[in-house]
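Okay, structure first, notes after.
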Amino acid sequence: MEVASNVTEFIFLGISQDPGMQLMFFALFLLFYIVTMVGNLLILLTVFSASWLHTPMYFFLSNLSFVDVAYSSATAPKMIAGFISDKKTISYWGCVTQMFAFHFFGCAEIFILTVMAFDRYAAICQPLRYTTIMSANTCIVLASLSWLGALGHSFVQTLLTFQLPFCNAQVIDHYFCDVHPVLKLACADTTLVNMLVVANSGLISLGCFLILLASYTVILLSLRKRSAKSRRKALSTCGSHFTVVTFFFVPCIFIYLRPSTTFPLDKAVSVFYTTITPMLNPLIYTLRNGDVKHAVRWLWGSKVSLSEKQRR
């Protein structure tokens with residue numbers, strides 16, 4: 001095949017080509033996106049406003065909420081617009097930008113979830129040394145390393161993909177620009193790139209997931225010596241975190257820890273870590289966390305009181 005040096009756009013097949021299903025998906029995913037934005041922005045506002053939430057745990061939770069806002073916005077608006085568009089297209093540089101943003105914020109979420117597990121380990125297993133271990137400087141360093149690591153990962157991932165030449169085939173069998181569907185369009189041997197992608201994305205996901213499992217195993221073992229009340233509180237917090245981790249990491253490992261092959265199931269699996277997890281994060285952390293619920297009620301009460309005073 002002749003390599004096309006003037007590829008200007010790609011075409012998405014999307015989740016479904018059925019007009020009736022597309023309208024249903026438009027309403028459903030628009031609702032998901034609105035819930036994601038409102039929930040995560042509410043957590044950001046709550047943590048910022050409530051002084052008693054200015055602790056390491058909620059510092060990382062606010063980082064997670066910011067990531068979810070940006071991560072969801074990397075794919076959802078384009079996908080939602082595609083449901084009511086006749087032609088689902090994205091420019092070449094738009095595809096590059098989307099892939100970079102998606103992997104940047106996705107990898108940042110992986111690292112932040114891992115750091116949050118370390119924070120819970122320090123709080124539960126090293127309570128007397130917790131304030132020393134998780135000092136303000138330590139939290140800033142861990143958050144900065146998470147963002148820098150995600151930046152390096154995304155830069156390498158995007159560069160590996162788009163340094164390849166592309167042919168006249170421009171149809172991406174997906175609803176956003178991800179590595180495996182885009183690599184299928186390349187007019188070159190992608191064996192080495194596939195191996196590097198697995199090492200870059202797959203092993204990061206698997207490695208962090210194993211670290212998370214190890215940390216939770218240690219936490220559970222340490223809880224055997226605690227009182228029933230302490231166990232319930234710790235299990236509630238860790239249960240929320242582990243629910244998020246499962247919904248996010250298992251689909252990621254399924255997608256990225258394998259060679260560049262695509263299955264019909266991939267689109268449905270991708271929905272979990274691109275749409276469902278960012279939406280569930282604020283719901284899980286808010287509904288299962290007494291401090292956050294109290295802060296939300298306090299914030300709402302403050303707004304109501306302020307409104308009443310302004311009316312007077």
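Hydrogens, waters and symmetry mates play no part in the numbers below; they use all other heavy atoms, side chains included. For clarity, every value in this text was computed on a predicted model and none was experimentally measured. In what follows, residues are counted from 1 in the order of the sequence shown.
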**Prompt:** Once the angle between the rings of Phe100 and Phe104 is folded into 0 to 90°, is it parallel (under 30°), tilted (30 to 60°) or perpendicular (over 60°)?
**Reply:** parallel
message: Quick one, Leu42 and Pro282 - any side-chain contact, counting heavy atoms below 4.5 Å?
response: no
Note: Ser73 and Met37 closest approach over all heavy atoms is OG-CE, 3.8 Å
Residues Cys95 and Val182: closest non-hydrogen pair is SG-CG2, 4.2 Å
| task | Indicate whether the side chain of Asp18 and that of Ser16 have a donor and an acceptor atom separated by less than 3.5 Å. | result | no
**Asked** Between Ser222 and Tyr121, does any side-chain donor sit less than 3.5 Å from a side-chain acceptor?
**Response** no
Can a donor-acceptor pair be found, under 3.5 Å and without considering hydrogens, that links the side chain of Thr114 to the backbone of Ile110?
yes
Check for a donor-acceptor pair, side chain of Glu109 on one end and backbone N or O of Gly106 on the other, with a separation under 3.5 Å.
no
Shortest non-hydrogen pair, Pro278 vs Asn40, comes out as O-ND2, 3.0 Å
*Heavy-atom neighbours of Phe66 CZ exceed 12 at 6.0 Å*: no
Exercise. Could you walk me through whether Phe12 and Lys78 pass side-chain contact (heavy atoms from CB on, under 4.5 Å), step by step?
Key: CA-CA 10 Å; Phe12 294 128; Lys78 190 71 179 176; 4.3 Å; yes
Tightest non-hydrogen contact, residues Thr277 and Tyr273, listed as OG1-CA, 4.0 Å
Would you say Trp147 and Asn63 make side-chain contact, with heavy atoms under 4.5 Å?
yes
>> Within the structure provided, determine whether Ser62 and Leu44 are in side-chain contact (heavy-atom separation under 4.5 Å).
In response: yes
query: Does Phe209 share a hydrophobic cluster with Leu203, counting links as ILVMFWY side-chain heavy atoms below 4.5 Å and allowing steps through other members?
result: yes
Original post:
Are Leu221 and Leu210 joined in one hydrophobic group, where the rule is that I, L, V, M, F, W and Y side chains link up if heavy atoms are under 4.5 Å apart?
Top reply: no
Does some side-chain heavy atom of Thr55 sit less than 4.5 Å from a side-chain heavy atom of Phe59? no
Under 4.5 Å between side-chain heavy atoms, hopping through other hydrophobics if needed: is there a path connecting Leu213 to Val245?
yes
Backbone N/O of Leu61 and side chain of Ser65: donor-acceptor pair under 3.5 Å: yes
What do the steps show when you test Leu13 against Ile172 for side-chain contact (heavy atoms from CB on, under 4.5 Å), and what is the final call?
CA-CA 6 Å; Leu13 283 184; Ile172 298 176; over 6 Å; no
The reported gap from CE in Met79 to OG1 in Thr274 (rounded to nearest 0.5 angstrom) is 6.0 Å
* Apply side-chain contact (heavy atoms from CB on, under 4.5 Å) to Phe118 and Leu142, showing your working. => CA-CA 10 Å; Phe118 174 73; Leu142 289 174; 4.3 Å; yes
Rounded to the nearest 0.5 angstrom, the CG-CG distance for Leu113 and Asn281 is 7.0 Å
task = Apply side-chain contact (heavy atoms from CB on, under 4.5 Å) to Ser154 and Phe105, showing your working.
result = CA-CA 9 Å; Ser154 183; Phe105 292 113; over 6 Å; no
Taking every heavy atom of Ala150 against every heavy atom of Phe111, the minimum-distance pair comes out as N-CE1, 3.7 Å
* Answer yes if the side chains of Asp178 and His103 hold a donor-acceptor pair under 3.5 Å, and no otherwise. => yes
Answer yes if the side chains of Thr46 and Tyr58 hold a donor-acceptor pair under 3.5 Å, and no otherwise. no
Notebook entry, point to check: Is the His153 to Phe155 ring centre distance short of 6.0 Å?
Noted result: no
### Message
How about CZ on Phe247, more than 12 heavy atoms from neighbouring residues, nucleotides or ligands closer than 6.0 Å, or not?
### Response
no
> More than 12 heavy atoms of other residues, nucleotides or ligands under 6.0 Å from CE of Met24: is that the case?
Replying inline: yes
How about Gln98 and Phe176: do any of their side-chain heavy atoms sit closer than 4.5 Å?
yes
Separation between CD1 (Ile204) and SG (Cys107), nearest 0.5 Å, reads 4.5 Å
Between the side chains of Ser135 and Thr138, does any donor sit under 3.5 Å from an acceptor?
yes
Practice prompt. Take Tyr71 and Phe102, measure what ring-ring contact (aromatic ring centres under 6.0 Å, His included) needs, and give me the verdict at the end.
Written response: CA-CA 6 Å; Tyr71 178 58; Phe102 172 75; 5.3 Å; yes
**Asked** Is there a side-chain contact between Ser201 and Val179 (heavy atoms, below 4.5 Å)?
**Response** no
Q. Given side chains that start at C-beta, do those of Cys125 and Arg120 come closer than 4.5 Å, heavy atoms only?
A. no
Residues Leu160 and Gln163: closest non-hydrogen pair is O-NE2, 3.0 Å
Please determine, by modelled atom types, if Asn194 and Thr190 share a side-chain donor-acceptor pair under 3.5 angstrom. yes
Practice task
Please state whether the rings of Phe25 and Phe29 are parallel, tilted or perpendicular, taking 30° and 60° as the class boundaries.
Solution key: tilted
In short, salt bridge (charged side-chain N to carboxylate O under 4.0 Å, His left out) pairs touching residues 87-108 with sequence neighbours left out are Glu9-Lys87
Value for CD (Gln22) from CD1 (Ile84), rounded to nearest 0.5 Å, stands at 10.0 Å
Spell out, yes or no, whether Val271 and Leu31 are grouped together once hydrophobic residues are joined by side-chain heavy atoms under 4.5 Å, including indirect joins. yes
Output for pair (Phe166 CZ, Cys187 SG), nearest 0.5 Å, gives 8.5 Å
Should Leu28 and Leu280 be regarded as members of a common hydrophobic cluster, given that ILVMFWY residues are connected when their side-chain heavy atoms come within less than 4.5 Å of each other, either directly or indirectly?
yes
Quiz item: Mind checking whether Phe248 and Phe272 have ring centres under 6.0 Å apart?
Solution: no
Interatomic distance, CG@Asp119 vs CZ@Phe60, rounded to 0.5 Å, equals 6.0 Å
Quick one: are Thr89 and Gln170 in side-chain contact, heavy atoms under 4.5 Å? no
* Would Asn200 and Tyr256 count as having a side-chain donor-acceptor pair, cut-off 3.5 Å? -> no
